[in-house]
Amino acid sequence: MDNSLKERIREFISDNIQEQPVTAQPNAFWKNLKAVGTELWLDTGDMDEAEKIWTAEMTALTTNNTLVNKEIQKGIYDDFIAQAKEIVKELPHQQQIVEIAFILNARHGLRLAKKFGGFVSVELHTDTAHDMKAIVEYGIRYFEICPDQFIVKVPYTAAGLLGARKLREKGVKVNFTLEFSTRQNVMVAAITKPNYLNVFLGRIGAYISDNGLGDGSGAGERAVLESQRWVNHLTQSNPEPTKLIAASLRNYGQLEDLAGVNVFTMPTKVAAGGMTNLSGKFTSRLDEIYPVGIHPEAEVYFPEKLWEVTEQELELAKSLGQNCPQDGNELIDRMHQAGCSDMFPYLSDSDLNYISSDGKIPKHERWADRLATGELAIDTLLNLAGLASFSNDQAQLDERIERILKDH
């Protein structure tokens, strides 16, 4: 795509945004939580819902493929999509769809930025997840549209680790996403050095409970707090230390249980529930080590990989950060050579299809034998399932774009 078309697209995205900024009022409940060191982000793309909760203590909103898809499926952008078609009509058909999806993400992100005045995490199309060049290109384009407020979300893939590193080297703010363990975040912190990284804690507990391995209590929380300790250790001397996000809290009790973690991303229902049901007296829980609700017989599946980091993994992370691979294949090969193959296992097409069909939470019985041998790991399965889930939601958004393109 030539630069003149990129500029036309940038102008189209930014043109005639008329959102009126909200007047955010201070709130003692959130002030007390912020005082123990936690930044407060809302996890939604719904402007009306966000406005009901937004206060002066909140600093960002975050979207993803699922949340953006929910907004697009309301039909509020159908006319905008038809207009976008006229700009990108000379591109190949599939590229038109990917480009319009980018336009929609950027447009909605700009509306959120103008209305709420904070940072906004914007998402890459899932087609780019394994394409380092596309990650860098679209990340830079997001940055050029709104350099002061956009943070680009990059997923945990081999190409994502390297693409995000290049974006950081170019000064693009990065929110590295879809991590499910401390050891994954050690890799991210050492290789990529992003502004933010994540633990999707709710799905960790759900894997254990949904698959009958225990009640899952404490598992996600433990992965978050151990990640926080490691991220602090690895990045505190960086020019810009990396911050950990406890991503998409599942219940309002986690506001207390994880108080002091760098950042919370809160669905509006969780935020509202906290204000209704909690005292608002927060103390830092960063030194807590929560017990994990898992049956003893399930220990054979190495659940400790969710919150522990081996010396072998740490040395590999440092090596990859200091001598960065040239591409994703080299990164994966070096992981296998270092004896950490379960972090990026070689999987068949049928394996990937099973992961996609399972949904957000993999079916444990399908993978149990390979988990027990160490060929696979729970954090890796959850990461692959998360990316597949986002890809499915992206496909729904793309289908709506395609229908509108055909009708116009």
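Keep in mind that the numbers below use all heavy atoms, side chains included, and drop hydrogens, waters and symmetry copies. Quick caveat: nothing in here was measured; it's all calculated off a predicted structure.
The two residues Leu405 and Lys85 come nearest to each other via the heavy atoms O-NZ, 2.9 Å. Residues Thr128 and Ile135 share a closest heavy-atom pair of O-CG1, 3.2 Å. The minimum heavy-atom distance between Ala338 and Leu316, with the atom names listed, is CB-CD1, 3.8 Å. Of all heavy-atom pairs spanning Gly139 and Val152, the tightest one is O-CG2, 3.7 Å. The minimum heavy-atom distance between Pro194 and Ala189, with the atom names listed, is CD-CA, 4.5 Å. Shortest non-hydrogen contact noted between Cys324 and Arg165 is SG-CD, 3.5 Å.
Side chain of Asp349 to backbone of Leu352: no donor-acceptor contact under 3.5 angstrom is found. Between the side chain of Asn277 and the backbone N or O of Tyr252, no donor-acceptor pair lies under 3.5 Å. Without hydrogens or angle criteria, Gln96 side chain to Gln94 main chain gives no donor-acceptor distance under 3.5 Å. Looking at Thr63, its side chain does come within 3.5 Å of a backbone N or O of Ser121 through a donor-acceptor pair. Side-chain atoms of Lys31 do not come within 3.5 Å of backbone N or O of Pro26 as any donor-acceptor pair. A side-chain donor-acceptor contact under 3.5 Å links Glu330 to the backbone of Gln326. Looking only at distances, no side-chain donor or acceptor of Ser319 sits under 3.5 Å from a matching main-chain atom of Glu315. Under a 3.5 Å cut-off, the side chain of Arg250 and the backbone N or O of Gly205 do not form any donor-acceptor pair. His125 contributes a side-chain N or O that, together with a main-chain N or O of Asp127, makes up a donor-acceptor pair within less than 3.5 Å. Using a distance-only test at 3.5 Å, with no hydrogens or angles considered, a donor-acceptor pair links the side chain of Thr235 to the main chain of Val231.
For the atom pair Ile76 CD1 and Glu71 CD, the distance stands at 5.5 Å (nearest 0.5 Å). Here the CG-CZ distance, from Leu244 to Phe264, works out to 10.0 Å after rounding to the nearest 0.5 Å.
Within a 6.0 Å sphere centred on NZ of Lys166, heavy atoms belonging to other residues, nucleotides or ligands number 12 at most. More than 12 heavy atoms of other residues, nucleotides or ligands shown are found within 6.0 angstrom of CG on Asn238. In this structure, Phe302 places its CZ atom where more than 12 heavy-atom neighbours from other residues, nucleotides or ligands lie under 6.0 Å away. In this structure, Lys6 places its NZ atom where more than 12 heavy-atom neighbours from other residues, nucleotides or ligands lie under 6.0 Å away. Environment of CD in Glu365: sparse, with no more than 12 heavy atoms of neighbouring residues, nucleotides or ligands closer than 6.0 Å. Crowding of Gln20 atom CD: a count of heavy atoms from other residues, nucleotides or ligands under 6.0 Å not exceeding 12. Atom CG of Asp2 is surrounded by more than 12 heavy atoms from other residues, nucleotides or ligands within 6.0 Å.
Under a 4.0 Å N-O distance rule, the pair Arg10/Asp15 does not qualify as a salt bridge. Using a cut-off of 4.0 Å between Lys/Arg side-chain N and Asp/Glu carboxylate O, Arg183 and Glu313 are scored as salt-bridged. With respect to Glu11 and Arg8, no salt bridge is recorded, no charged nitrogen being found less than 4.0 Å from a carboxylate O. A salt bridge does not link Lys70 to Asp46: none of the charged side-chain nitrogens sits closer than 4.0 Å to a carboxylate oxygen. The existence of a salt bridge linking Glu375 and Arg370 is confirmed by a sub-4.0 Å separation between a basic side-chain nitrogen and an acidic carboxylate oxygen. Using a 4.0 Å cut-off between charged nitrogen and carboxylate oxygen, Glu256 and Lys281 do not count as a salt-bridge pair. A salt bridge is defined here as a Lys NZ or Arg NE, NH1 or NH2 lying under 4.0 Å from an Asp or Glu carboxylate O, and Lys153 with Glu123 meets this definition. Look at Lys363 and Asp210 and you find no salt bridge, because none of the NZ, NE, NH1 or NH2 atoms lies under 4.0 Å from a carboxylate O. Salt-bridge annotation for Glu7 and Arg141: absent, with no side-chain N of the basic residue lying under 4.0 Å from a carboxylate O of the acidic one. Ionic pairing of Asp358 and Arg366 is present here: one or more N-O contacts between side-chain nitrogen and carboxylate oxygen are shorter than 4.0 angstrom.
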**side-chain hydrogen bond (donor to acceptor under 3.5 Å, both in side chains) assessment of Gln396 paired with Gln73** = CA-CA 9 Å; Gln396 293 178 21; Gln73 295 299 341; 4.9 Å; no

**Prompt:** Arg229 and His233: side chain to side chain contact (heavy atoms under 4.5 Å, CB included), yes or no, with the steps?
**Reply:** CA-CA 6 Å; Arg229 287 186 268 272; His233 171 67; over 6 Å; no

**Prompt:** When you look at Glu51 and Met47, which way does the side chain to side chain contact (heavy atoms under 4.5 Å, CB included) test go after all the steps?
**Reply:** CA-CA 6 Å; Glu51 189 170 359; Met47 293 190 184; over 6 Å; no

**Prompt:** When you look at Arg222 and Glu304, which way does the salt bridge (charged side-chain N to carboxylate O under 4.0 Å, His left out) test go after all the steps?
**Reply:** CA-CA 10 Å; Arg222 190 160 178 180; Glu304 68 274 9; over 6 Å; no

**Request:** Please lay out, stage by stage, how Leu376 and Leu347 fare under the test side chain to side chain contact (heavy atoms under 4.5 Å, CB included).
**Result:** CA-CA 10 Å; Leu376 298 178; Leu347 296 175; 3.8 Å; yes

**Message:** With side chain to side chain contact (heavy atoms under 4.5 Å, CB included) as the criterion, how do Ile151 and Tyr142 come out once you've worked through the C-alpha distance, each side chain's angles and the decisive distance to 0.1 Å?
**Reply:** CA-CA 8 Å; Ile151 306 171; Tyr142 271 130; over 6 Å; no

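In this structure, His364 has its ring center closer than 6.0 angstrom to the ring center of Tyr207. Between Tyr156 and Phe200, the ring centre distance reaches or exceeds 6.0 Å. Tyr196 and Phe119 have their aromatic ring centers separated by at least 6.0 angstrom. The distance between the ring centers of Phe344 and His336 does not fall below 6.0 angstrom.
Between the side chains of Gln394 and Asp398, at least one donor-acceptor pair of N or O atoms lies under 3.5 Å. Remark: the Thr55 side chain and the Glu57 side chain contain an N/O donor-acceptor pair separated by less than 3.5 Å. A donor-acceptor contact closer than 3.5 angstrom links the side chains of Gln228 and Asn262. No side-chain donor from either of Asn392 and Ser389 sits under 3.5 Å from a side-chain acceptor of the other. When only modelled atom types and interatomic distance are considered, His93 and Glu402 share a side-chain donor-acceptor pair under 3.5 Å.
In this structure the side chain of Leu178 never reaches within 4.5 angstrom of the side chain of Asn198, judged on heavy atoms. Side-chain atoms of Leu110 and Gln149, non-hydrogen and from C-beta on, never get closer than 4.5 Å to each other. By the 4.5 Å heavy-atom criterion applied to side chains, Trp41 and Leu61 are not counted as neighbours. Here the side chains of Arg107 and Phe80 are in contact, with some heavy-atom distance below 4.5 Å.
Residue Tyr77 is tested with His108, Gln83, Arg400 for a side chain to side chain contact (heavy atoms under 4.5 Å, CB included); the sole match is His108.
Between Phe29 and Phe282, the ring-plane angle classifies as perpendicular under the 30° and 60° cut-offs.
Residue pairs meeting the side-chain hydrogen bond (donor to acceptor under 3.5 Å, both in side chains) criterion with at least one partner in residues 239-248, sequence neighbours excluded, are Glu39-Lys243, Asp43-Ser248, Arg168-Glu240, Asn195-Glu240.
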